[in-house]
Amino acid sequence: MPSSPPPLPSSDLGEADLNRSPQPQASGSTRNIVVSLLLSALVLAGVGYVTFDAGAFGRLLQHLRPELLAAAVAVAFARIGLGGWRLSQVSEGRLSLRSGTRGQLAWDFFSSVTP
């Protein structure tokens, strides 16, 4: 006949400690993001150093239209904001505008990186 499992060891934790949920450790996550961004910047600087052509860059600056660049940035922000608002509306309020916008950013990122 199988024996019953041994009793659990008693803990000296108080009642308040049992009801407290563990706190997330953001420092490792922040460190990983910073290291990743630094590595990306280092690679970008290396590629730029090897491939930079001053003549081509000068010709680019001659054709640059700042108002079109500003309009493109505004449209990108509007698209992300409206997409976040759409997700908030579709979720019937379960997602805030901020959460919907974060979801839209993730959606755009993953649709660009995955085939």
Side-chain angles (χ1 to χ4, degrees):
M1 180 158 92
S3 63
S4 63
L8 295 173
S10 65
S11 174
D12 58 349
L13 295 175
E15 188 69 30
D17 290 336
L18 294 175
N19 295 328
R20 190 174 57 196
S21 63
Q23 297 296 323
Q25 295 179 353
S27 63
S29 175
T30 303
R31 185 176 147 265
N32 290 344
I33 291 172
V34 169
V35 168
S36 176
L37 288 174
L38 287 175
L39 285 174
S40 296
L42 182 65
V43 168
L44 184 62
V47 169
Y49 179 76
V50 172
T51 63
F52 183 73
D53 181 9
F57 189 69
R59 287 190 302 276
L60 173 73
L61 289 179
Q62 290 174 352
H63 296 288
L64 185 67
R65 295 179 57 189
E67 64 277 358
L68 286 181
L69 182 60
V73 169
V75 167
F77 275 106
R79 190 182 63 77
I80 291 169
L82 289 172
W85 179 67
R86 175 183 55 88
L87 288 175
S88 175
Q89 292 300 313
V90 167
S91 71
E92 297 177 350
R94 288 183 290 248
L95 290 176
S96 66
L97 179 61
R98 180 180 176 132
S99 296
T101 303
R102 288 179 67 192
Q104 182 65 39
L105 281 170
W107 185 328
D108 288 345
F109 174 77
F110 286 114
S111 68
S112 296
V113 219
T114 57

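Starting from 1, each residue takes its place in the sequence as its number.
With a 4.5 Å cut-off between side-chain heavy atoms of Ile, Leu, Val, Met, Phe, Trp and Tyr, the cluster of Leu61 takes in Phe52, Phe57, Leu60, Leu64. Other cluster members for Val34: Leu38, joined by side-chain heavy-atom distances under 4.5 Å among Ile, Leu, Val, Met, Phe, Trp and Tyr.
Checked against side chain to side chain contact (heavy atoms under 4.5 Å, CB included), Thr101 has the following partners two or more places apart in sequence or in another chain: Ile80, Leu97. With sequence neighbours excluded, no residue satisfies ring-ring contact (aromatic ring centres under 6.0 Å, His included) with Tyr49.
Scanning all heavy atoms of the two residues, the minimum distance from Gly103 to Leu87 falls at C-CD1, 3.9 Å. The nearest pair of heavy atoms linking Ser91 to Ser88 is OG-O, 2.9 Å.
To the nearest 0.5 Å, atom CG of residue Asn32 and atom CG of residue Leu37 are 11.0 Å apart. Considering CG of Leu95 and CD of Gln104, their distance stands at 11.5 Å, rounded to 0.5 Å.
Applying the salt bridge (charged side-chain N to carboxylate O under 4.0 Å, His left out) test to every pair with at least one member in residues 72-88, sequence neighbours left out, gives these pairs: Arg79-Asp108.
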Listing, residues 69-78 side-chain donor-acceptor contacts under 3.5 Å, not counting sequence neighbours, or none:
none

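Ser40 places a side-chain N or O within 3.5 Å of a backbone atom of Ser36 that can act as its donor or acceptor partner.
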